[in-house]
Amino acid sequence: MNVRKGTVKGFNAGSYTATVQVAGSLSVWLADVPVARNIAATEMVVGRRCALIFFSESDPRDALVVGVYT
Amino acid sequence: MSGLACRYEADFNVVVSGSDGQGACKVWSCIYGDGYSQAVGTWSPLREVATASAGSNMEFRAPSLAYPDVFRLTFVEKYTGSESYSRPHFSFSLATADYADNLWREPVPMNLVSDYGLAIAHSTSDVWLTTPSGVWQASLTAAALDVTADVLELTTETDPDSGRLRLVLRNDDGRYLDLSGEKAVIKAGGEVRVSPGYQTASGPLVSSGLAYWIEGWEYTSGEGEATLVIHARDAWQLLEGWRSRRQCAWAQGERNVFQLLSFVMARASLEFFSAGSSGVITDLYPSFTIHPGESGATAVRRLLAVVPDVVFFRGHFAYIKNPRADEASAYSYGTEHAIFRGRYGSQRPQTNRVQVFGDGPFVEAFGWDEIDDAYDRVRQVDDLNLGTVARARDRADAEMRHQEIASRSGEIVVPVNCGQELYDVIAITDESAGLTNAQRRVIGLSMRYSAGGKAPVYEQRLSLGAV
């Protein structure tokens with residue numbers, strides 16, 4: 001398991017997934033990251049910092065945005 | 001489209017910079033076919049060389065492409081965020097790769113500001129980079145220095161995921177104090193090639209294949225002796241040195257494990273071939289990511305963890321091999337090739353039962369003999385890429401193979417076998433230890449040469465695993 005921080009770059013309320021800039025990746029975002037349902041859609045504001053858990057260190061589908069802050 | 005370059009070499013090989021329909025800025029390679037890799041008069045798909053997401057304030061422009069020895073590419077990376085820059089980057093293809101393979105070294109920034117990039121020109125012996133305000137020239141011939149006559153000691157160590165070299169050169173007359181001129185090749189990153197061999201009736205014969213890259217050096221003095229000691233690491237260090245600058249991600253079904261390994265190896269300038277790989281490596285197309293800051297070595301280890309295969313290096317060539325349990329021995333020790341010393345052991349594997357949880361399927365594998373003797377030791381694997389029972393079974397089998405190979409231990413010390421490689425299967429006859437033609441797999445090797453000291457040494461130590 002791998003915990004990383006990132007920045008919200010986009011949010012799809014239908015699929016409840018986010019596009020995230022993982023810290024350290026200056027120019028490429030990670031798309032379609034599942035977002036925890038306990039985070040209200042209104043909180044997924046572009047530009048906010050977020051915390052991600054990668055349950056599998058290798059599989060980006062097996063990840064979750066677990067918190068947003070700032 | 002913000003830039004285009006083309007070089008004819010069997011096909012019309014093209015580099016394009018620009019943005020896609022979603023606004024992502026990219027550098028692509030593509031081919032307008034002349035019958036080599038692409039049918040005459042047809043276009044290949046665009047293949048990504050560099051990428052930046054829409055809104056990242058990053059764009060690419062002004063590519064240039066040439067083929068002085070391999071395909072060499074430059075382009076400008078322009079960043080308009082804080083600390084903005086327009087910085088040329090260079091990259092090159094692998095010597096044995098076709099242009100269509102799209103295998104490029106990680107682009108390297110150049111100490112230069114240029115909005116319009118660099119043009120590449122070359123002759124058969126030299127290459128030039130030009131801007132409107134500057135011209136740079138370099139020879140295409142790599143300088144080399146033969147230090148064989150000055151070697152006092154040499155130690156190499158090769159493990160499954162690392163390799164080291166310690167080379168001691170005589171410096172009693174100060175011949176290596178000035179590392180300029182022909183000795184300028186002794187520098188950080190310089191390649192050291194080692195070719196062990198023997199004096200034979202046919203003259204000196206050597207086996208090439210070992211290569212290391214210099215990490216540092218030191219001068220020693222004392223007791224009437226002065227030396228230059230060079231420390232170098234093998235290709236694993238090149239992989240360790242490559243760190244992903246961005247989030248690399250591939251969707252399930254996009255690339256198989258072999259292609260993913262090829263990508264990572266190429267980013268570190270390493271060629272990649274199969275030396276008898278498993279079917280899984282080309283059948284499994286996992287969802288995979290490399291996080292920013294992660295090393296190529298980490299990515300390779302993760303990919304190897306999902307297949308039964310192993311990787312070894314010959315110089316800057318990486319080979320992947322399936323260490324099959326029925327592999328025949330390639331060489332014998334203890335008969336014509338003497339064994340100086342031997343130590344042979346058995347040890348419990350860390351795991352004798354594997355539980356694999358896929359995206360639905362659940363599969364187990366057991367080492368029953370071991371479980372019968374000493375109960376079970378469970379390892380659990382959870383991988384969403386395993387969508388079928390067959391895939392989960394492949395993974396369980398791979399996990400068990402890694403454990404089986406580690407279930408034996410020991411080592412033999414022998415006169416140097418110049419052709420011995422990691423993961424070879426060997427046969428050992430050592431009557432004192434009760435072994436006759438016993439099969440073992442080489443899972444580590446070291447070589448020691450010393451021309452000084454009380455007694456000269458030229459020997460090899462082989463670490464042993466199960467077949």
Side-chain angles (χ1 to χ4, degrees), chain A, chain B residues 22-27 48 50-60 77-83 85 107 243-254 257 260 284 286-294 298-306 357-359 381-387:
Chain A
M1 194 160 69
N2 190 343
V3 179
R4 296 215 165 219
K5 65 180 181 181
T7 304
V8 177
K9 290 293 182 182
F11 176 66
N12 184 327
S15 59
Y16 233 75
T17 57
T19 298
V20 176
Q21 178 185 17
V22 178
S25 184
L26 177 65
S27 61
V28 179
W29 320 150
L30 186 61
D32 303 325
V33 183
V35 177
R37 292 282 179 175
N38 56 332
I39 299 174
T42 53
E43 300 295 337
M44 292 298 294
V45 177
V46 171
R48 277 189 172 167
R49 298 292 179 91
C50 63
L52 301 105
I53 293 177
F54 290 86
F55 298 108
S56 161
E57 295 186 338
S58 302
D59 187 350
R61 296 171 308 167
D62 202 5
L64 185 66
V65 176
V66 294
V68 287
Y69 56 104
T70 64
Chain B
Q22 287 72 49
C25 291
K26 303 199 178 197
V27 177
E48 188 180 292
T51 186
S53 297
S56 64
N57 298 321
M58 186 84 80
E59 62 179 283
F60 306 104
E77 179 181 289
K78 182 172 184 176
Y79 180 61
T80 54
S82 58
E83 293 287 324
Y85 60 82
R243 299 274 165 170
S244 181
R245 294 107 221 262
R246 59 184 174 91
Q247 189 84 40
C248 300
W250 294 269
Q252 191 172 34
E254 195 174 335
V257 174
L260 291 168
L284 183 61
S287 169
F288 189 72
T289 192
I290 305 172
H291 298 291
E294 279 189 343
T298 297
V300 167
R301 288 188 197 105
R302 282 187 188 165
L303 287 164
L304 291 177
V306 303
F357 298 83
D359 190 10
V381 174
D382 183 7
D383 189 343
L384 292 180
N385 284 306
L386 307 174

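Nothing here was measured: the structure is a model prediction, and the numbers come from that model. To find a chain, count down the sequence lines: A is the first, B the second, and so on, and within it residues start at 1.
Proximity to chain B (any heavy atom under 4.5 Å) is restricted, for A:Phe54, to the side chain, taken from C-beta onward. Neither the backbone nor the side chain of B:Ala305 comes within less than 4.5 Å of any heavy atom of chain A. Contact annotation for A:Ala63: neither backbone nor side-chain heavy atoms come within less than 4.5 Å of a heavy atom of chain B.
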Heavy-atom donor-acceptor pairs under 3.5 Å, chain A with chain B:
residue : atom : partner  : partner atom : Å
A:Arg4  : NH1  : B:Pro292 : O            : 3.1
A:Ser25 : OG   : B:Gln247 : N            : 2.9
A:Ser27 : O    : B:Ser53  : N            : 2.5
A:Trp29 : N    : B:Ser53  : OG           : 2.8
A:Trp29 : NE1  : B:Ala54  : O            : 3.4
A:Glu57 : O    : B:His291 : NE2          : 3.2
A:Glu57 : O    : B:Arg302 : NH1          : 2.9
A:Glu57 : OE1  : B:Arg302 : NH2          : 3.1
A:Ser58 : O    : B:Thr289 : N            : 2.7
A:Asp59 : OD1  : B:Ser287 : OG           : 2.7
A:Arg61 : NH1  : B:Gln252 : OE1          : 3.0
A:Arg61 : NH2  : B:Leu384 : O            : 3.4
A:Arg61 : NH2  : B:Asn385 : OD1          : 3.1

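Within the structure, the ring pair (Phe, Tyr, Trp, His ring centres under 6.0 Å) test picks out the following pairs touching residues 4-26 of chain A (sequence neighbours left out): A:Phe11-A:Tyr16.
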